[in-house]
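Everything below concerns the one structure shown next.
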Amino acid sequence: MQRPSTIGIISPLQTPDCLSVSQEFQQACRQVGVRAFDFDINTAQAPLPDILICLGGDGTLLSHATYAAKRGIILGGINMGHLGFLAACGRESLQELAHALSHGQYGLESRSMLSVSLQGADGRDICEPLLALNEISLMRDQTGKMIDVDVELDGCLLNRYHADGVLLATPTGSTAYSLSAGGPLLWPTAGVMCLTPICPHSLTSRPVVLPDSVEVTLRPRERRGRAGEPLIYSVDGRDTRHIGTNETLKVRKADIALKLLTLPESDYASRLRAKLGW
């Protein structure tokens, strides 16, 4: 791989712990001749760094995935949280990470994303499509009440779900919300997505693995007595918006993908064993 000329460090929490790791990593990069500096996407100006390194957990990396993917920037993480499925390494490996970057001894994984469009009754987009690295979920705004939603694949009805909600997950997101809802583990580079009902009313409503070539339509339906109760959809659990019963969600594989930084010794099978306690 190509040696980066600049590395931007994102540390949104600004805790003493994160600031200490940021300073230590910047020093490690200077020792190997690579320029690393604190980076803020809200005030950033061109030229952008070749690589962005997030200090935090998976949530920190998720919150910057769209920014990096749209600009074709490599995104990596130093895990300061708990599981850290997406991080390249932990804080104990700062010297190794700096050395690998300076010698081009790192890998890239192309992680697929979902494009989520909210459409009105006329079939037109209501707002700019959103990108999801993990999942898109649809549920009732008021916790504890079920929803009815028709799920269509390329315009053909798959099922009408009566459940707490439904979600569509990427392979990357299969270890997140989808896994908690009973969905399968997917290999991160597989060309699929997973439809997972959340606590469905029917025991025969099971997760379905779909090819990522299909367009999925989520069409809310209302039962008698629940008209007017708002529904919401959430992208990666971070961007939450309301959806009306006369509106639909169109979900497909995005045209762009995230370039995720990896280290040679960090294979996914080892990561599963470590994070899931196998």
Side-chain angles (χ1 to χ4, degrees), residues 41 59 62-71 111-174 176-178 181 183 192-200 205 207-208 210-223 226-258:
I41 65 173
L62 279 171
S63 64
H64 294 87
T66 294
Y67 179 90
K70 285 184 174 180
R71 292 160 180 79
R111 295 296 184 94
S112 63
M113 306 180 76
L114 298 177
S115 174
V116 185
S117 300
L118 177 64
Q119 296 185 348
D122 57 2
R124 296 182 180 180
D125 287 353
I126 295 176
C127 55
E128 188 76 15
L130 302 175
L131 291 178
L133 178 61
N134 267 1
E135 78 280 311
I136 160 70
S137 57
L138 175 65
M139 62 194 69
R140 185 77 63 183
D141 190 12
Q142 184 175 351
T143 303
K145 293 195 174 182
M146 305 182 83
I147 68 169
D148 288 275
V149 55
D150 287 352
V151 176
E152 302 170 2
L153 308 180
D154 288 336
C156 296
L157 180 65
L158 172 67
N159 191 17
R160 174 171 291 184
Y161 290 94
H162 184 51
D164 283 359
V166 295
L167 61 88
L168 271 167
T170 65
T172 298
S174 70
Y177 193 178
S178 179
V192 296
M193 64 179 83
C194 185
L195 172 69
T196 304
I198 305 169
C199 298
S205 294
V208 181
L210 306 168
D212 61 15
S213 58
V214 302
E215 180 182 69
V216 181
T217 301
L218 304 180
R219 196 181 304 277
R221 301 296 187 187
E222 280 294 356
R223 286 198 172 194
R226 292 184 178 171
E229 293 182 354
L231 277 69
I232 57 172
Y233 66 100
S234 179
V235 174
D236 287 343
R238 311 189 71 83
D239 195 339
T240 301
R241 305 187 181 189
H242 284 92
I243 175 174
T245 53
N246 61 338
E247 298 170 345
T248 58
L249 289 174
K250 297 284 187 178
V251 186
R252 61 176 181 81
K253 181 182 177 181
D255 295 330
I256 59 176
L258 177 68

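Since this is a predicted model, take the numbers as computed values, not measurements.
- When the salt bridge (Lys or Arg N to Asp or Glu O under 4.0 Å) test is applied to R241, the partners found at least two apart in sequence or on another chain are D239.
- Residues that satisfy the side-chain hydrogen bond (donor to acceptor under 3.5 Å, both in side chains) test with S178, not counting sequence neighbours, are T196.
- The OG atom of S117 sits 8.0 Å away from the CD atom of E215 when rounded to the nearest 0.5 Å.
- Evaluation of the side-chain contact (heavy atoms from CB on, under 4.5 Å) rule for T172 yields L86, R111, L133, N134, T170 as partners, not counting sequence neighbours.
- For T217, the side-chain contact (heavy atoms from CB on, under 4.5 Å) partners are E152, R219, T248, K250, not counting sequence neighbours.
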CA sep, side-chain torsions, deciding dist, call: V208, L210, side-chain contact (heavy atoms from CB on, under 4.5 Å): CA-CA 6 Å; V208 181; L210 306 168; 3.6 Å; yes

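- Across L114, L138, V151, a single residue satisfies side-chain contact (heavy atoms from CB on, under 4.5 Å) together with V251, and that is L114.
- Expressed to the nearest 0.5 Å, how far CD1 of I243 lies from CD1 of I232 amounts to 11.0 Å.
- Applying the side-chain contact (heavy atoms from CB on, under 4.5 Å) test to S63 and every residue at least two apart in sequence or in another chain returns R238.
- Listed by chain and residue number, nothing satisfies the side-chain contact (heavy atoms from CB on, under 4.5 Å) test with C156 (two or more places apart in sequence, or in another chain).
- Of the inter-residue distances, the one linking S205 atom OG with H162 atom NE2 reads 10.5 Å to the nearest 0.5 angstrom.
- Residue L167 forms a side-chain contact (heavy atoms from CB on, under 4.5 Å) with just one option from I198, L195, I136, L218, and that option is I198.
- For S213, the side-chain hydrogen bond (donor to acceptor under 3.5 Å, both in side chains) test picks out no residue, with sequence neighbours left out.
- Applying the salt bridge (Lys or Arg N to Asp or Glu O under 4.0 Å) test to D122 and every residue at least two apart in sequence or in another chain returns nothing.
- The salt bridge (Lys or Arg N to Asp or Glu O under 4.0 Å) check on E247 picks up nothing, with sequence neighbours excluded.
- Sorted by first and then second residue, the salt bridge (Lys or Arg N to Asp or Glu O under 4.0 Å) pairs with a member in residues 154-169 read D150-R160; sequence neighbours excluded.
- Using a cut-off of 4.0 Å between Lys/Arg side-chain N and Asp/Glu carboxylate O, D212 and K253 are scored as salt-bridged.
- With sequence neighbours excluded, no residue forms a salt bridge (Lys or Arg N to Asp or Glu O under 4.0 Å) with D125.
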